[in-house]
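Every heavy atom of this structure was used, including side-chain atoms; hydrogens, water molecules and symmetry mates were not.
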Amino acid sequence: MKIGILTSGGDCPGLNAVIRGAVLKGIAIHGHEFVGFRDGWRGVVEGDIIDIPRSLVRGIAKQGGTILGTSRTNPFENGGGPETIKAHMDRLGIDAMIAIGGEGTLAAARRLTDAGLKIVGVPKTVDNDLDATDYTFGFDTAVQIATEAIDRLRTTGESHHRCMIAEVMGRHVGWIALHAGMAAGAHAILIPEQRISIEQITEWVTEAHDRGRAPLVVVAEGFVPEHLEAPHSERGLDTFGRPRLGGIADQLAPEIEARTGIETRATILGHIQRGGVPSAFDRVLATRLGMAAIDSVVDGRWGTMVSLKGTEIEHVSFENALGKLKIVPPHRYEEAAVLFG
């Protein structure tokens, strides 16, 4: 069987480990042949591929990013669609595809599967917001990067007796903010799932400052303060029509400073959370998911996604995997909030 692999959407530590796991098992156990689509769905729509022999995946598990490239191309626009994609697959002799990506990528894969294409999915998102899997690779690395950065912000904040605000990724959910904030000992953690008033935020900041601490606030990019209606966005829309988020920390900093009199600085970590080498946990998880994706192909489990449940890998239908976000439950936030202020 000839299998095409694509990585789509935002890059993420661990993508190369998925590719490696799939290719090594596919070749060693089943004798499959592999090609990669360049730059995600763009390569699928245009039939732009590279061969993936065993030698190409040697040692790539520790590399960040993706050797195949990625993009946010919509496979149903600009001449795409199931007929075009199927024609390219027939021409290139590709029997099936492994789509590695987040909710947008897997939603597109579901539509193409419904149209008759043979596709299995591997979930990818640093936000850890897919409900059908306990963890997604890239999340552990993003939390570690964010924690290290916040630790550094704490030392400079303490030196100048400032309040420091660290903005981390998290469009709809606050898992990165929650984990990194707890790990770094933040005095306030602000996430999309919880509407917090500016008065409560300044109270936490003031309490920490009154104890002689340099207040540390961790905020997810999708956080909406109680007095606002929508997440802060000033950079327009992405290719899927979603607002490009980022900058809520810059909005909060002057407000906190004006209300408390404490000099306040904001730092937006941004794409640094997605770069660099994956953690050991993410390398192992990504490798296991890649190998499990080959099992899905061999068993003909089209329209399914591999998933981590506990410590075991399972197979979940796209229908059950999509449409529901894995949000931070109230009790997890309340658990962390005991440490605020």
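Put simply, the side chain of Asp282 never gets that close to the backbone of Phe137: no donor and acceptor are under 3.5 Å apart. Of the possible donor and acceptor atoms, none in the side chain of Gln273 sits under 3.5 Å from a partner among the backbone N and O of Val168. Thr156 places no side-chain N or O within donor-acceptor distance of the main-chain N or O of Leu153, the cut-off being under 3.5 Å. Looking only at distances, no side-chain donor or acceptor of Thr141 sits under 3.5 Å from a matching main-chain atom of Arg274. Under a 3.5 Å cut-off, the side chain of Thr260 and the backbone N or O of Thr202 do not form any donor-acceptor pair.
Checked against a 6.0 Å centroid threshold, the rings of Phe340 and Tyr333 count as neighbours.
Contact detail for Pro75 and Thr73: the closest heavy-atom pair is CD-O, 3.5 Å. Residues Pro123 and Leu130 approach most closely at CB-CD1, 3.5 Å, considering heavy atoms. For Leu308 against Thr133, the heavy-atom pair with the smallest separation is N-OG1, 2.9 Å.
For the pair Glu207 and Arg213, the salt-bridge criterion is not met [side-chain N within less than 4.0 Å of a carboxylate O]. In summary, Glu83 and Lys86 do not engage in a salt bridge, as defined by a charged side-chain N under 4.0 Å from a carboxylate O. Taking 4.0 Å as the cut-off between side-chain N and carboxylate O, Asp127 and Arg171 do not count as a salt-bridged pair.
Ring planes of Trp175 and His179: perpendicular class, angle over 60° (limits at 30 and 60°).
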